[in-house]
S.K.: 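Let me begin by handing over the structure; questions about it come next.
Just so you know, ligand 1 is whichever comes first in the structure, and atom 1 is the first atom listed for that ligand.
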Amino acid sequence: MRILITGAGGQIGHDLIGALVAEGHELVSTDLAPRPPSHAHAGGDWQRLDVTDAAAVQHLFTECRPELVFHLAAILSASGEANPRLAYDVNQTGTWNVLEACRRARVNRLMFTSSIAVFGPPPSGPLPDPAPDDSPLHPGTMYGVTKVAGELLCAYYRKRYDIDCRGVRFPGLISAAMPGGGSSDYALFMYVDGVRKNGYEAFARADTRIPLMYMPDGVRALLELAMADRSKLTRTIYNIAAFSPRADEIATSVGRLLPDAKFTYKPDTIRQGILDSWPKAIDDAAARRDWGWKERFDLDGMTDDLVPRIRRMLELGAILSSH
Ligand code: SER
């Protein structure tokens, strides 16, 4: 299948490109960066694309005529609070540009990556735990606001123009690839810095609990939903869940493999506030029922897979030791 990815240089693109190339798809990866940021992003064609540039998006989509688009380009929650205008431009206008280009270039299917950041404490009281798909959405960040709008735009384009938009609300994703400005990054750095620096001072409290997922499961969820039979789907956007550990439970899991690693906690006011506004767990019953979603990795399973993987990447120089 001919597939185009936006924001391919980010944390999800790093693993998604490999999975799509391995499946033999014809791939066009696009990103603001003119070249792939690492060898792991290589595979298929790479083109520079700024999703805020409507004409450029339109031109490339018309030229490539992809059958399926994975729209990953976004400014994450913590970076978005530092620069709300940029988050609005990339996440809101960028998503609009991508949807419009899909409509005009007659792209059949669009995969949208939403997030647990669409949730926030409703004025009437705390979020249900776990939070169902149809919880009232009261995001507290510009990232979350634009993801809610993106979800609604996907539903609109599906209904109005019959573009087969589908999406998942990702938990915080953990992998060996460097993230860019997310509030869930503390969890990833417990692994990366646990291995390369023998410890990490988390910007979150020890009792912080949010939904998390290991990237191989996240990529598989995107592929499975993208390929699912349309007649089985009852929703446009699906919650997907894996596990919801406290930060100190992650430390305990990592400590099984790195007994000398020291983890301390020094909450950052802004990022802790964002984390506290997110659900502790989400209910993904609809994804399980409609397209058979099921995670393969629990916390310890992820730790056992990821720690040796990070060691290997450090040895190969694929993770910068100064990052
Ligand atoms: N991981 C993202 C963030 O922290 C949430 O989708 O912003």
Side-chain angles (χ1 to χ4, degrees), residues 6-7 9-16 70-84 86-88 90-92 94-95 111-121 127 131 133 135 137-151 154 167-192 200 202-205 208-219 221-222 237-245 247 250 267-282 284 287 302 306:
T6 70
Q11 192 198 355
I12 298 174
H14 186 277
D15 286 37
L16 180 63
F70 288 91
H71 177 37
L72 310 180
I75 301 295
L76 294 186
S77 60
S79 306
E81 290 317 282
N83 194 342
L86 179 66
Y88 189 90
V90 174
N91 303 355
Q92 180 83 49
T95 297
M111 285 296 295
F112 181 66
T113 42
S114 190
S115 160
I116 50 167
V118 296
F119 296 105
L127 269 173
D133 284 296
S135 309
L137 300 179
H138 294 275
T141 60
M142 180 57 88
Y143 174 72
V145 167
T146 57
K147 286 294 180 189
V148 173
E151 290 188 358
C154 284
V168 291
R169 288 181 182 146
F170 271 131
L173 289 168
I174 301 181
S175 66
M178 285 300 156
S183 304
S184 57
D185 296 358
Y186 68 93
L188 186 151
F189 279 112
M190 291 175 94
Y191 287 87
V192 174
Y200 173 62
F203 56 75
R205 285 189 317 269
T208 304
R209 183 194 291 279
I210 61 162
L212 297 173
M213 182 178 286
Y214 190 32
M215 187 64 86
D217 273 340
V219 164
L222 280 180
I237 308 290
Y238 287 88
N239 282 358
I240 52 169
F243 44 87
S244 284
I250 305 174
D268 165 81
T269 314
I270 292 182
R271 283 182 288 186
Q272 185 69 56
I274 295 173
L275 292 164
D276 288 342
S277 76
W278 289 349
K280 299 199 180 323
I282 55 176
D284 60 358
M302 172 175 76
L306 184 55

S.K.: Using a 4.0 Å cut-off on heavy atoms, what residues surround ligand 1? Order them by chain and number.
M.R.: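 Around ligand 1, where the cutoff is 4.0 Å for heavy atoms, the contacting residues are Leu76, Ser77, Ser115, Tyr143, Gly182, Ser183, Ser184, Trp278.
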S.K.: Looking only at heavy atoms, what is the nearest atom pair of Ser184 and Gly172, with distance?
M.R.: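 Minimum heavy-atom separation between Ser184 and Gly172: OG-CA, 3.6 Å.
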S.K.: Can you list the residues that meet the side-chain contact (heavy atoms from CB on, under 4.5 Å) rule with Asp268, with sequence neighbours excluded?
M.R.: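 Per chain and number, Asp268 pairs via side-chain contact (heavy atoms from CB on, under 4.5 Å) with Phe203, Ile270, Arg271.
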S.K.: Keeping the roles fixed (side chain from Asn91, backbone from Lys147), state whether a donor-acceptor pair exists under 3.5 Å.
M.R.: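 The answer is no, because no donor-acceptor pair under 3.5 Å joins these two groups.
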S.K.: With a 6.0 Å cut-off (strictly less than), is the heavy-atom count around CZ of Phe243, excluding the residue itself, greater than 12?
M.R.: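 Enclosed: over 12 neighbouring heavy atoms sit under 6.0 Å from CZ of Phe243.
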S.K.: State, with a plain yes or no, whether a side-chain heavy atom of Trp278 is found less than 4.5 Å away from one of Ser183.
M.R.: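 Yes, close enough: below the 4.5 Å cut-off.
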S.K.: Using modelled atom types and a 3.5 Å cut-off, is there a donor and acceptor pairing between side-chain atoms of Thr113 and backbone atoms of His71?
M.R.: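 Checked: pair present.
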